[in-house]
There are 2 protein chains.
Amino acid sequence: MSLATDAADKPTLYKRIRADIEKRILTGEWPPGHRIPFEHELVARYGCSRMTVNKALSELAQADLIERRRRAGSFVRRPQHQSAVLKIADIRAEISALGRAYGYELISRKLRAATTADRDRLGVKKAGKVVAITCRHSADNVPFAAEDRLIDLSSVPDAATADFSREPPGSWLLHHVPWTEAEHTISAIVADDRTAEALDIAVGAPCLVIDRYTWRSARTITAVRLLYPGDSHRLVARFKGG
Amino acid sequence: MSLATDAADKPTLYKRIRADIEKRILTGEWPPGHRIPFEHELVARYGCSRMTVNKALSELAQADLIERRRRAGSFVRRPQHQSAVLKIADIRAEISALGRAYGYELISRKLRAATTADRDRLGVKKAGKVVAITCRHSADNVPFAAEDRLIDLSSVPDAATADFSREPPGSWLLHHVPWTEAEHTISAIVADDRTAEALDIAVGAPCLVIDRYTWRSARTITAVRLLYPGDSHRLVARFKGG
DNA sequence: TTGACTTATATGTCTAGACATATAATCGTG
DNA sequence: CACGATTATATGTCTAGACATATAAGTCAA
């Protein structure tokens, strides 16, 4: 019954404790809301020190499988099946990973005072300057994605003088703005004339749209819309269950 | 210089150590590949025990910010592709959360021996039975999503007798299969005749497609394709930065 | 009954050690 | 020089304690 099924050869004790509890949760033996044994009970059961038990439980708490409450105990959390980890790679890296030749082409680059539409899109109130860029990424000379980007120069002044004719703005930003928060919105549209031309697909063909809004500590950095031919591009999100 | 910027009031020592290192990584002061100080050096610097330092570093390693190598040290990891947390809500919950009336309609339900196509879709080798379901979800009586699902009866035998005319199969499965792993693939298509009819949209309108493949410890449970009208549905993924 | 105070307790953090283990670096040997 | 054996060392795990702290539960007075 409790024969270790996933034990490699000799897992460490805290990992065994963690796996034991995890299994009980995953099989439903301990349903959401169930109070799992107190640390001192597990200490007695496994004949180890509290620190060892604590490490196991801490990791389970970090993985959101349990919730720990002082004085009350540790409880199985409601499964959050809805949350999956979506990996959105840098386009250049993505194409390289596929073993295909990456190509980049700057279509337009404009420096201007932020229009109302720009400010709306970036979610900033104050007036300021922005760089607007449209460009295209290709894999083996086949259009892969069309990019339409706005960079807030008050957050990233260097972007005014950066040379985006050779380096894609996404890569440049990754290099110059080391850490960001972002929100992605995924939707679908059909290609209009301009999109169809940029991606070399038929007007009316499906496109996957990723709108990414990036900021850093409440400071807007960039807003970008990426258009992918819908029939050739897929986003994969993997559920993370601990 | 090292004034705590994000310290609430009195963070614990290991959290401070973790934050200090994290900041250096995030600002680029310690670039990818950089060897961070050895545990014994940090012990000396912070005047604490090794366990405290170890806890900080272990968490950083778990967050994939650093990589730890025995005998060699701990190194800043190459920035990973942007990984974002995508929340894909249960459709009923999603609609309820919007304050709209949830509606469900079973269109067809067939129990059959798995065809080659079925086995392909579920990723199973052996022959067996499946339940094929098509149904429709609506919000305030407006079509919201079309669902096309296959359930592997060898994994979920109870699904053969479940009444899917009232309860959506997604909800039923959530109730009967306590924990799962899943992979979501997101793409875009244009509506064909059947889809257009099911969603009450025009043929050729964009649709967002979510293919979800669910299993549990290497055991296939269900494969489902959800079609959403592309202009009305959006998926939001939030970047998780630490 | 309700609100304020006290107490018991489970978790949170930390220490100063210990031995285990993987592996980079060094040393020998053919 | 190439390759195998040895050694040094950084991390991995663990212990048997300690004190801190949040809070559920009980106590008591208004």
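Chain A is the first sequence line, chain B the second, and so forth, proteins listed ahead of strands; every chain is numbered from 1.
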According to side chain to side chain donor-acceptor pair (under 3.5 Å), who are the partners of [X], at least two apart in sequence or on a separate chain?
X: A/Ser138; answer: none
X: B/Ser96; answer: none
X: A/Arg92; answer: none
X: B/Asp118; answer: B/Arg112, B/Thr115

Let me know the distance between [atom1] of [X] and [atom2] of [N], rounded to the nearest Å.
X: A/Arg35; N: D/dA24; atom1: CZ; atom2: C1'; answer: 13 Å
X: A/Asn54; N: D/dT13; atom1: CG; atom2: C1'; answer: 14 Å
X: A/Leu57; N: C/dT11; atom1: CG; atom2: P; answer: 7 Å
X: B/Tyr46; N: C/dT13; atom1: OH; atom2: P; answer: 17 Å
X: A/Glu67; N: D/dA24; atom1: CD; atom2: P; answer: 11 Å
X: B/Arg68; N: C/dT21; atom1: CZ; atom2: P; answer: 18 Å
X: A/Gln62; N: C/dT13; atom1: CD; atom2: C1'; answer: 15 Å
X: B/Arg70; N: D/dA10; atom1: CZ; atom2: C1'; answer: 9 Å

Residues A/Tyr213 and A/Thr220: side-chain donor-acceptor under 3.5 angstrom: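 Their side chains do contain a donor-acceptor pair, which is all the 3.5 Å distance test asks for.
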Extract from the structure each pairing of a protein N or O with an N or O of nucleotides 5-8 of chain C at less than 3.5 Å, listing the distance.
{"unit_1": "C/dA8", "atom_1": "N3", "unit_2": "A/Arg71", "atom_2": "NH1", "d": "2.7"}

Please figure out whether B/His40 or A/Ala72 has its closest DNA chain D nucleotide nearer the 5' end.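 It is B/His40, whose closest nucleotide lies nearer the 5' terminus.
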Who passes ring-ring contact (aromatic ring centres under 6.0 Å, His included) against B/Tyr14, sequence neighbours left out?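 Once residues adjacent in sequence are excluded, B/Tyr14 has no partner under the ring-ring contact (aromatic ring centres under 6.0 Å, His included) criterion.
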Where the side chain of A/Tyr104 meets the backbone of A/Cys135, is there a donor-acceptor pair that is under 3.5 Å apart?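 Judged by distance alone, no pair lies under 3.5 Å.
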Can you pull the salt bridge (charged side-chain N to carboxylate O under 4.0 Å, His left out) pairs that have at least one residue in residues 36-62 of chain B, sequence neighbours excluded?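 Checked against salt bridge (charged side-chain N to carboxylate O under 4.0 Å, His left out) - neighbours excluded - the pairs reaching residues 36-62 of chain B are B/Arg18-B/Glu59, B/Arg35-B/Glu41, B/Glu39-B/Arg50, B/Glu39-B/Arg68.
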Within the 4.0 Å heavy-atom criterion, would you say A/Ser58 contacts the bases, only the backbone, or no part of the nucleic acid? nothing
Distances under 3.5 Å between nitrogen or oxygen atoms of protein and nucleotides 14-17 of chain D:
{"unit_1": "D/dC14", "atom_1": "OP1", "unit_2": "A/Leu13", "atom_2": "N", "d": "2.5"}
{"unit_1": "D/dC14", "atom_1": "OP2", "unit_2": "A/Tyr14", "atom_2": "N", "d": "3.2"}
{"unit_1": "D/dT15", "atom_1": "OP2", "unit_2": "A/Ser49", "atom_2": "N", "d": "2.9"}
{"unit_1": "D/dT15", "atom_1": "OP2", "unit_2": "A/Ser49", "atom_2": "OG", "d": "2.9"}
{"unit_1": "D/dT15", "atom_1": "OP2", "unit_2": "A/Thr52", "atom_2": "OG1", "d": "2.4"}

Give a yes/no on whether any side-chain N or O of A/Ser74 is located under 4.0 angstrom from OP1 or OP2 of C/dT11. yes
Residues 165-173 of chain B side chain polar contacts: donor-acceptor under 3.5 Å, at least two apart:
{"unit_1": "B/Ser165", "atom_1": "OG", "unit_2": "B/Asp163", "atom_2": "OD1", "d": "2.6"}
{"unit_1": "B/Ser165", "atom_1": "OG", "unit_2": "B/Asp163", "atom_2": "OD2", "d": "3.4"}

